[in-house]
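Per chain, numbering begins at 1; letters A, B, ... match sequence-line order.
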Amino acid sequence: MKSDTLNTTAYRIYCILVWLSEQSLSVEELNDRFVAEPMIRRKLSDDTIWLYMNTLKELGCNISRPVPTNGFRYQLISHPFGVAYTKDDVQTMVQVKRFAEDNLTFLEILTLDRFFKKLLHTSSSLDKDRLIQDLFKNARSQDYHEYAEMIDMLSQAVSEHKLLQITYESPVKGDTQFYFLPEALCYEKGMLYVQGNQENRPDRVLLRVDRILDWQETNRPDITEPLLHAQTRREDVVVKFFQITLHDFLGLDLGEHLVDYSPTQDANREESIEAVFKTNDFFGLKQKILESATPFEVQKPSAFREEMELTLVEMKKLYA
Amino acid sequence: MPKRVLNRHIKFRPEETDLSKKNVSVSAYRVLYILLLLVRHRNLTLVELNGYLSENKYIRRPYNGETITKYINTLRKAGCAIPRANSGYQLLKAPMPLSFEEEQLSVAHKLLMLLSTNPDEDLHVSYQALLKKVLWVLGEDQQQQFVLDTATPICFGSRKSKISEYKELCKDSLLLEIQYKQSASHNERYMLEPIRVTQEDRAVYLVGIERTSHMQRKLNLDKILSLKQLPYKTQSQPKPFTASFRLTGRLACSYRLYPGETIESESKNEIVIKSQFDDGSMDLKRLLKYGSQCEVLSPEPARMQMKTLIASLSMPMPGAAV
């Protein structure tokens, strides 16, 4: 079709660009579309198509030739007609990811990751892979794209209280195998963990999802029952925090196991807060208390009190 | 063939400028190059468009309005949203729109709403600008669903204005005299050269350098009792510095590096991390959670600071609770 107002070659090349952005196409498939396109309605020679592809390449498109490895199809690998995201945009994504950790569920965080990856992958940047790497590196987080199947399995195991036999890549012990009853999935500081109870370990355990090498559902009531009991067991922990106002205390991140708190005041009018926790994760609670950088005293249980006192003694020795 | 000089600054060799020798459709290249320019700039007048066309090594010349209109009409016929206007050419949406999963757009939008309640609105503003770029590439049906809230962010009114005030003080670069509630029973006076306002967790801080000690201070805005701006320009600049700390035991095997950190040395059950701080600040509190598996090695002020932090964790009770 010819028209004084239409550059037919440009029109055809634009059509090729749009079609290839949707899927890879062979010469035959391209010609089928040319014939069906009302403004073209004819097949084009291989040489003409090659000229059109060269025009797109000269504009900055990266198009792979039809070769056996791609099923003899033209494949649009990248093009400059998308949005260009700047380093500042990537930095915004990093900051939003960090904000999301405190405000979204782990599923929402993984969805956000997919969203940002798609934005960067479809951008007109020449170095998309690098931008995506920078996003995860600067956010100090893991890309869980390849773990979708495992995450689904773990979610199901959590909801159905299924016992798993897991092969785990421990950074200390190497590859180990053990029974594990998952309790919940959680996202913390850029990493996805499955929390639960492991055979022969009294406290709750956090396993990094990306270190689970293999898993198998298993039916062992003799192991499941005690682990289920350990999961539901909670112990009362009372900690007093000194020289802190209620306002500051409420700004501390003391975790999900804080159940109660009450402000007190001593004879010198020094403010303190008595906090009550119900937990089976003493290691996690220990970290939260230390990180609060607030003077404290564990009131009960005595074993935890002794552990914290010993920790402080050992920490002071490092700077003696 | 004589060299063709486009302008004083750009020179190309002849063999680089002849498209016809590259098995390329020259006219189609021009049309699609115009599309590329509109993708990059979104809105261009005829003069601006011709400026870019003249700078292109293959085109190297301007075109009259009639020819440009013909090229634009080809793009319109192909489906590009370029409305007719006297002022120029605007590309309203991406030539190849994308579609996203509904849940992705839903999460993106949810975050925008949450950020609108954040005391520091900078991130909300940046994220909103980013989502406006996304809106441009969305297909029409998703564009209609994905409505950005362009109204003023909902925020804690007085806190937001306080943060803006402090940011202005940082821009002024004048010395501040600050009365600060150091603890429940003790106030401290600081002569501070303000650098920036920063948000960490749920608190907002004024970061600056103390004039006398040249130490960097991070003051919680909620604890600033009073502030006076003095007529003295700030002198200090935050100096980048490097800190080292040692990690032992299980932590040495499992520690994940933060941005700006490198492993200085490692051996069985022990690694030494070097941490670069571009703005002179170091948050030592996060190292506390590692207990005795972490020791700050250098610089000496950081070691002393860590020592003080640890000592303060076990302050004895001042008296019986009431």
Item to complete: Side chain from CB out, backbone as N, CA, C, O: work out which of these in B:Val39 comes under 4.5 Å of a heavy atom of chain A, or both, or neither.
Response: side chain

Discussion item. I need the residue from A:Asn138, A:Leu104, A:Val313 with the largest number of non-hydrogen atom pairs under 4.5 Å to chain B.
Written reply: A:Leu104

Practice prompt. Could you have a look at A:Met53, A:Lys317, A:Lys137, A:His79 and say which one has the most heavy-atom pairs with chain B under 4.5 angstrom?
Written response: A:His79

Fill in: Heavy-atom closest contact (B:Pro95 atom, A:Tyr14 atom, distance)
O-OH, 3.2 Å

Item to complete: Assess whether atom OH of B:Tyr258 is packed by more than 12 heavy atoms of other residues, nucleotides or ligands within 6.0 Å.
Response: yes

Practice prompt. Count the heavy atoms belonging to other residues, nucleotides or ligands that lie under 6.0 Å from NE2 of B:His41, then report whether that count exceeds 12.
Written response: yes

Discussion item. Can you confirm whether more than 12 heavy atoms, excluding those of B:Arg250, are under 6.0 Å from its CZ atom?
Written reply: no

Worksheet entry | Straight-line distance of B:Lys289 NZ to A:Ile289 CD1, nearest 0.5 Å | 14.5 Å

Worksheet item: Picking from A:Arg98, A:Lys288, A:Lys189, which has the most non-hydrogen pairs under 4.5 angstrom with chain B?
Response: A:Lys189

Practice prompt. Please round to the nearest 0.5 Å and tell me the distance separating atom OG of A:Ser292 and atom CG of B:Leu288.
Written response: 8.5 Å

Worksheet entry | Closest heavy-atom pair and its distance - B:Leu257, A:Arg140 | O-NE, 3.1 Å

Worksheet item: If every non-hydrogen atom of B:Asn118 is compared with every non-hydrogen atom of A:Phe99, which pair is closest and at what distance?
Response: OD1-CE1, 3.8 Å

Worksheet item: Which of the residues A:Val83, A:Leu56, A:Asp47 is involved in the greatest number of heavy-atom pairs with chain B at under 4.5 angstrom?
Response: A:Val83

Worksheet item: Around B:Tyr255, counting heavy atoms of other residues, nucleotides and ligands shown, do more than 12 lie under 6.0 Å from its OH?
Response: yes

Worksheet item: Hey, does the side chain of B:Arg286 reach the backbone of A:Glu291 with a donor-acceptor pair shorter than 3.5 angstrom?
Response: no

Discussion item. So A:Arg208 and B:Arg256, do their side chains get closer than 4.5 Å, heavy atoms only?
Written reply: yes

Worksheet item: How far apart are the closest heavy atoms of A:Leu312 and B:Ile310, and which atoms are they?
Response: O-CG2, 4.4 Å

Fill in: Residue among B:Arg76, B:Lys223, B:Met304, B:Arg246 with most heavy-atom pairs under 4.5 Å to chain A
B:Lys223

Fill in: Steps toward side-chain contact (heavy atoms from CB on, under 4.5 Å) verdict (B:Leu111, A:Leu112)
CA-CA 9 Å; B:Leu111 271 171; A:Leu112 182 70; 3.5 Å; yes

Practice prompt. Keeping the roles fixed (side chain from B:Ser254, backbone from A:Pro171), state whether a donor-acceptor pair exists under 3.5 Å.
Written response: no

Fill in: Part of A:Ala100 lying under 4.5 Å from any heavy atom of chain B
both

Worksheet item: Quick one: CZ on A:Phe116 to CD on B:Gln104, what's the gap to the nearest 0.5 Å?
Response: 10.5 Å

Fill in: A:Tyr319 atom OH: more than 12 heavy-atom contacts under 6.0 Å
yes

Response to the item:
Taken to the nearest 0.5 Å, the spacing of B:Lys77 NZ from A:Tyr11 OH works out to 8.5 Å

Worksheet item: So which of B:Ser126, B:Ser292, B:Pro259, B:Ala129 has the largest heavy-atom pair count under 4.5 angstrom toward chain A?
Response: B:Ser292

Worksheet entry | Side chain, backbone, both or neither of B:Leu32 within contact of chain A (heavy atoms, under 4.5 Å) | both

Discussion item. Using modelled atom types and a 3.5 Å cut-off, is there a donor and acceptor pairing between side-chain atoms of B:Arg40 and backbone atoms of A:Pro80?
Written reply: no

Discussion item. Tell me whether B:Arg42 at atom CZ has more than 12 heavy atoms from other residues, nucleotides or ligands lying less than 6.0 Å away.
Written reply: yes

Worksheet, complete the sentence: NZ (B:Lys110) and OG1 (A:Thr111) are apart, to the nearest 0.5 Å, by 10.5 Å

Practice prompt. Search all heavy atoms of B:Ser27 against all heavy atoms of A:Asn7 and return the closest pair with its distance.
Written response: OG-ND2, 3.2 Å

Discussion item. I'd like to know which of B:Phe100, B:Trp136, B:Tyr33 tops the heavy-atom pair count under 4.5 Å against chain A.
Written reply: B:Phe100

Worksheet, complete the sentence: Comparing B:Ile72, B:Leu35, B:Asn269 against chain A, the one with the most heavy-atom pairs below 4.5 Å turns out to be B:Leu35

Practice prompt. Identify which of B:Leu105, B:Leu38, B:Val134 forms the greatest number of heavy-atom pairs closer than 4.5 Å to chain A.
Written response: B:Val134

Discussion item. If I measure from the heavy atoms of chain A, does B:Gln293 come under 4.5 Å with its side chain, its backbone, both, or neither?
Written reply: neither

Worksheet item: If you tally heavy-atom pairs under 4.5 Å against chain B, which of A:Thr9, A:Thr311, A:Val96 wins?
Response: A:Val96

Item to complete: For B:Glu66, look at atom CD and say whether over 12 heavy atoms of other residues, nucleotides or ligands are found less than 6.0 Å away.
Response: no

Worksheet item: For the atom pair CG (B:Leu130) and OG1 (A:Thr92), what is the distance rounded to the nearest 0.5 Å?
Response: 6.5 Å

Worksheet, complete the sentence: If you tally heavy-atom pairs under 4.5 Å between each of A:Glu314, A:Arg114, A:Lys316 and chain B, the highest tally belongs to A:Arg114

Worksheet entry | chain A contacts, top residue of B:Cys253, B:Cys294, B:Ala108, B:Ser106 (heavy-atom pairs, under 4.5 Å) | B:Cys253

Worksheet item: Of all heavy-atom pairs between A:Ile13 and B:Ala28, which one has the smallest distance, and what is that distance?
Response: CD1-CB, 3.5 Å

Worksheet item: Which answer fits B:Leu36, side chain, backbone, both or neither, if we ask what part of it has an atom under 4.5 Å from a heavy atom of chain A?
Response: both

